[in-house]
Trainee: 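Below are the structure tokens for one structure; questions will follow.
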Amino acid sequence: MILPQHLAIIMDGNGRWAQLKGLPRIAGHQRGVNTVRNVVKKCANLGVRYLTLYAFSSENWKRPAGEVQALMSLLGVYLESEMELLQENGIRLQVIGDLTKLPEKISKSLQHSVSTTQENSGMTLTLALSYGARDEIVRATQRLMIDVNAGKIVVADISEESFSAYLDTATMPDPDLLIRTSGEMRISNFLLWQSAYTELYFCSCFWPEFDDEQLQLALEDYSGRCRRFGAVVTSDCQQQGEFEEKAN
Ligand code: FPP
């Protein structure tokens, strides 16, 4: 099976899962954390090199204060409780997004987890927090303009490649596969620049229900895709820039 080197996931449907069960929305987020734990472990074991999870969007700040607070507190608990799993599996944690907006306690906790795991050589787990792709592109442009004004880069040298280096995702490859759960079929301001040639996979199950079987179905579907990157297809539909590994 051909695995995506970089898998990105829009974890959607926590609230609806809970509401259908007559539970508060927060219960859905709590169950969603279990799915995060399982998917992180599974992807690391399979050999996925980069896993990026859309955990809190720049638009999610508009949710009721109680829900925002609960999500932040779940994140804090997750960071504490998962350090062992991250270390045992050699997982490196990274964060993308406008981190200046996060509560100080969460920000400190993130810094600690990122620095503790930075030498790990296994999968890179990236949490997108207070993240919006348009916002990321604007922040990248601001940083680029500062360097242009300082004479560090000339306008003629701005290319797709040099611009990418100003994005939050500068150190990682573009996602090969983007999964969104809950039946919604949109990108919702996630990795817009990076997903130019990403394969999209939508599944109807809610995030708390996204189990090993659902992940396997998504990976098998991806494995059968023919990626051309705008070029002419080869006879065996060889996937460029792909990462081949035997999966269980
Ligand atoms: C979308 O469900 C999910 C979120 C906005 C947050 C995702 C958060 C988690 C899975 C838990 C915390 C994450 C980590 C990494 C510890 P929704 O609330 O939009 O669901 P709905 O569309 O059914 O309302």
Side-chain angles (χ1 to χ4, degrees), residues 7-44 48 50-86 89 91-99 101-103 105-114 116-117 123-133 135 168 178-191 202-211 214-215:
L7 169 61
I9 308 184
I10 301 178
M11 311 181 286
D12 197 12
N14 291 344
R16 275 165 287 164
W17 177 86
Q19 275 162 344
L20 277 174
K21 293 198 154 10
L23 299 167
R25 291 176 55 81
I26 292 307
H29 296 312
Q30 279 162 344
R31 284 297 286 263
V33 176
N34 294 346
T35 309
V36 169
R37 186 174 297 119
N38 191 49
V39 166
V40 167
K41 204 167 159 187
K42 190 78 188 171
C43 286
V48 170
Y50 295 85
L51 174 66
T52 302
L53 303 177
Y54 204 4
F56 193 89
S57 76
S58 43
E59 287 74 31
N60 287 157
W61 292 114
K62 294 180 205 149
R63 293 192 175 200
E67 185 169 342
V68 170
Q69 238 169 34
L71 277 166
M72 290 297 142
S73 123
L74 274 179
L75 178 63
V77 171
Y78 175 84
L79 290 172
E80 269 184 32
S81 65
E82 297 314 287
M83 280 311 286
E84 205 174 307
L85 182 128
L86 299 187
N89 290 276
I91 298 170
R92 189 163 60 118
L93 184 73
Q94 281 189 357
V95 201
I96 56 172
D98 183 358
L99 308 180
K101 298 214 169 99
L102 294 174
K105 195 169 165 228
I106 295 294
S107 183
K108 283 208 170 113
S109 186
L110 279 167
Q111 277 167 27
H112 173 72
S113 304
V114 167
T116 309
T117 60
M123 184 177 82
T124 298
L125 167 64
T126 302
L127 298 181
L129 290 168
S130 188
Y131 176 88
D135 176 64
D168 295 351
L178 169 63
I179 298 174
R180 180 174 189 148
T181 57
S182 92
E184 304 293 353
M185 294 190 206
R186 51 179 176 267
I187 306 291
S188 297
N189 206 10
F190 190 41
L191 302 174
F202 300 101
C203 74
S204 56
C205 75
F206 297 131
W207 178 246
E209 303 165 329
F210 189 79
D211 56 13
Q214 295 291 337
L215 176 64

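Order of appearance sets the numbers: ligands from 1, and atoms from 1 within every ligand. What's counted below: heavy atoms across the whole structure, side chains too, no hydrogens, waters or symmetry copies.
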Trainee: Judged by atom type as modelled, is there a donor-acceptor pair below 3.5 Å linking the side chain of Ser130 to the main-chain atoms of Leu99?
Mentor: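 Side chain of Ser130 to backbone of Leu99, a donor-acceptor pair under 3.5 Å: no, none is there.
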Trainee: Kindly print each ligand 1 N/O atom paired with any protein N/O atom under 3.5 angstrom away, one pair per line, or none if nothing qualifies.
Mentor:
residue  : atom   : partner : partner atom : Å
ligand 1 : 2 (O)  : Gly13   : N            : 3.4
ligand 1 : 2 (O)  : Asn14   : N            : 3.4
ligand 1 : 18 (O) : Arg25   : NH2          : 2.9
ligand 1 : 18 (O) : Arg63   : NH1          : 2.8
ligand 1 : 19 (O) : Asp12   : OD1          : 3.3
ligand 1 : 19 (O) : Arg63   : NH2          : 2.8
ligand 1 : 20 (O) : Gly13   : N            : 3.4
ligand 1 : 20 (O) : Asn14   : N            : 3.2
ligand 1 : 20 (O) : Gly15   : N            : 3.1
ligand 1 : 22 (O) : Asp12   : OD1          : 3.0
ligand 1 : 22 (O) : Arg16   : NE           : 3.4
ligand 1 : 22 (O) : Arg16   : NH2          : 2.9
ligand 1 : 23 (O) : Gly15   : N            : 3.4
ligand 1 : 23 (O) : Arg16   : N            : 2.7
ligand 1 : 23 (O) : Arg16   : NE           : 2.7
ligand 1 : 24 (O) : Arg25   : NH1          : 2.9
ligand 1 : 24 (O) : Arg25   : NH2          : 3.1

Trainee: Can you list the residues that meet the ring pair (Phe, Tyr, Trp, His ring centres under 6.0 Å) rule with Trp207, with sequence neighbours excluded?
Mentor: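 By the ring pair (Phe, Tyr, Trp, His ring centres under 6.0 Å) rule, Trp207 matches Phe210.
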Trainee: Can you give each donor-acceptor pair under 3.5 Å made by side-chain atoms of residues 78-85, sequence neighbours left out, with the distance rounded to 0.1 Å?
Mentor:
residue : atom : partner : partner atom : Å
Ser81   : OG   : Val77   : O            : 3.1
Ser81   : OG   : Tyr78   : O            : 3.4
Glu82   : OE1  : Arg37   : NE           : 3.2
Glu82   : OE2  : Arg37   : NE           : 3.0
Glu82   : OE2  : Arg37   : NH2          : 3.3

Trainee: Determine whether a donor-acceptor pair (N or O, by modelled atom type, separation under 3.5 Å) exists between the side chain of Ser109 and the backbone of Gly76.
Mentor: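 No, Ser109 side chain to Gly76 backbone: no donor-acceptor pair under 3.5 Å.
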Trainee: Who are the side-chain hydrogen bond (donor to acceptor under 3.5 Å, both in side chains) partners of Tyr131, not counting sequence neighbours?
Mentor: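 In terms of side-chain hydrogen bond (donor to acceptor under 3.5 Å, both in side chains), with neighbours along the sequence ignored, Tyr131 is linked to Glu136.
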Trainee: Could you check Arg92 against Thr117 for side chain to side chain donor-acceptor pair (under 3.5 Å), going step by step and ending with a plain yes or no?
Mentor: CA-CA 5 Å; Arg92 189 163 60 118; Thr117 60; over 6 Å; no
